[in-house]
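All values below were derived from every heavy atom in this structure, side-chain atoms included, with hydrogens, water molecules and symmetry-related copies excluded. Both counts, for ligands and for their atoms, begin at 1 and track the order of listing.
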Amino acid sequence: MKNKTNIISKIKSRLTNDSKKEWPGLINAYKDFLPINDSTPIVSLKEGNTPLIRAKSLEKHIGRGVKIYLKYDGLNPTGSFKDRGMTMAISKAKEEGSKAVICASTGNTSASAAAYAKRAGMKAFVLIPDGYVAQGKLAQALVYGAEVLAINGNFDKALEMVQSIAEDYPITLVNSVNPYRLQGQKTAAFEIIDELGEAPEWLCIPVGNGGNITAYWMGFNEYFNQKKTKKLPKMMGFQALGSAPLVFNKLVKNPETIATAIRIGNPVNWKKAVEAKQNSLGSFEAVTESEIIEAYKLIGEEGIFCEPASAASVAGLIKIQKNLSDNSKVVCVLTGNGLKDPDCAINNNDAVFHTKLDPDLNKISKLMGF
Ligand code: F0G
């Protein structure tokens with residue numbers, strides 16, 4: 001009897017300890033590094049704390065002892081890294097008494113803004129390029145209850161419009177020009193250093209508006225200044241060839257790419273992204289559509305499903321592989337979940353897919369090779 005009581009009390013204490021260890025969301029986890037105060041109402045869906053996964057097949061592909069890690073930020077609550085910035089932006093907007101938020105988006109920002117605004121009891125308006133937002137992202141914005149305004153124009157036009165609306169009307173802009181967005185997003189760099197014990201030599205990241213590369217660089221530097229890492233990574237930003245204003249240092253009027261998330265011709269964080277690249281001794285490179293799809297499939301072979309824009313980071317790594325020194329560490333950021341863009345997945349895979357089969361056991365087992 002005594003033994004049984006002992007066991008029960010042990011289990012109980014384990015349960016309470018475990019619940020104490022529950023991930024509190026990134027604002028609570030990193031509050032000393034974030035511009036919040038005791039009266040900030042924290043709007044959270046427990047974002048952050050995403051896995052850093054060793055990419056074993058990719059490592060074989062690259063060789064020379066290079067260690068490759070995938071920061072799978074597609075596992076955030078709405079399926080992209082945007083949640084890191086949105087928990088901050090929406091919490092601060094609520095603290096400031098805002099009743100509504102607005103953003104332009106290629107899809108992920110709108111999904112995230114819609115979810116966090118709903119949770120905060122605020123209204124969300126999202127401007128998107130009509131016909132150029134992946135189905136999963138559009139579905140999310142609708143289900144989270146945003147008011148969706150699809151324009152006959154691209155992302156750059158939509159961003160110009162929301163900036164002007166937010167200047168004229170009482171509504172908070174939650175694109176990455178909102179400084180709280182980058183504050184939240186920098187925590188991904190903290191997580192990488194917390195897990196690896198130091199920064200990697202290289203960070204490969206897809207670049208659209210240039211916000212995330214800026215945020216990572218900020219995060220790495222803050223930890224460096226706190227002596228939590230002795231080194232800083234080279235920031236390698238990758239854009240799709242048809243939407244590569246930063247690579248060619250030239251505005252792109254009509255950006256095009258299968259990676260619709262980064263279909264951007266006039267990045268709003270242009271200057272900051274260039275600074276991150278220069279100060280880190282990194283570089284911007286363009287990757288082609290077929291390189292993006294090849295990388296997308298290779299990531300699938302790791303058992304990981306990301307959206308095409310995210311695969312640009314791995315496509316880029318493959319492109320620059322000869323620059324890597326032996327045994328160096330690389331982190332590729334997988335910014336969004338593959339489920340966001342089912343059309344891309346269905347149209348770009350090497351799977352065996354038999355359709356319209358008779359439900360006949362003999363035929364099916366024969367087809368399976370038995
Ligand atoms: N990867 C994904 C999946 C994205 O959704 C974005 C941007 C990026 C990379 C590029 O990040 O803009 O900070 O350089 N998506 C924005 C949106 C534009 O509206 O969802 P960035």
Return the closest protein heavy atom for [atom] as residue, atom name and distance.
| atom | value |
| --- | --- |
| atom 5 (O) of ligand 1 | Asn108 ND2, 2.8 Å |
| atom 1 (N) of ligand 1 | Thr335 OG1, 2.7 Å |
| atom 12 (O) of ligand 1 | Asn209 N, 2.7 Å |
| atom 20 (O) of ligand 1 | Thr109 N, 2.8 Å |
| atom 8 (C) of ligand 1 | Ile262 CG2, 3.6 Å |

message: Less than 6.0 angstrom separating the ring centers of Tyr223 and Phe33, yes or no?
response: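 Ring-ring flag for Tyr223/Phe33: true, centres closer than 6.0 Å.
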Nearest heavy atom to [atom]: which of [options] does it belong to?
| atom | options | answer |
| --- | --- | --- |
| atom 14 (O) of ligand 1 | Gly85, Gly210, Ala111 | Gly210 |
| atom 16 (C) of ligand 1 | Arg263, Gln239, Lys82 | Lys82 |
| atom 4 (C) of ligand 1 | Ala104, Ala261, Ser80, Ala259 | Ala261 |

Name every donor-acceptor pair, under 3.5 Å, that has one atom in a side chain of residues 133-149 and the other anywhere in the protein, sequence neighbours excluded.
{"from": "Lys137", "atom 1": "NZ", "to": "Glu307", "atom 2": "OE1", "distance (Å)": "2.7"}
{"from": "Gln140", "atom 1": "OE1", "to": "Lys340", "atom 2": "NZ", "distance (Å)": "2.7"}
{"from": "Gln140", "atom 1": "NE2", "to": "Thr78", "atom 2": "O", "distance (Å)": "2.8"}
{"from": "Glu147", "atom 1": "OE1", "to": "Lys123", "atom 2": "NZ", "distance (Å)": "3.0"}

task: Just let me know how Asn175 lines up against ligand 1, side chain, backbone, both or neither, with a heavy-atom cut-off below 4.0 Å.
output: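 Near ligand 1, Asn175 shows nothing, with every heavy atom at 4.0 Å or more.
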Asn269 touching ligand 1 at heavy-atom level, < 4.0 angstrom: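 No, that is not the case, since the closest heavy atom of the residue is not under 4.0 Å from the ligand.
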field: Contacts of Glu195 that satisfy side chain to side chain contact (heavy atoms under 4.5 Å, CB included) - sequence neighbours left out
entry: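 Once residues adjacent in sequence are excluded, the partners of Glu195 under the side chain to side chain contact (heavy atoms under 4.5 Å, CB included) criterion are Leu52.
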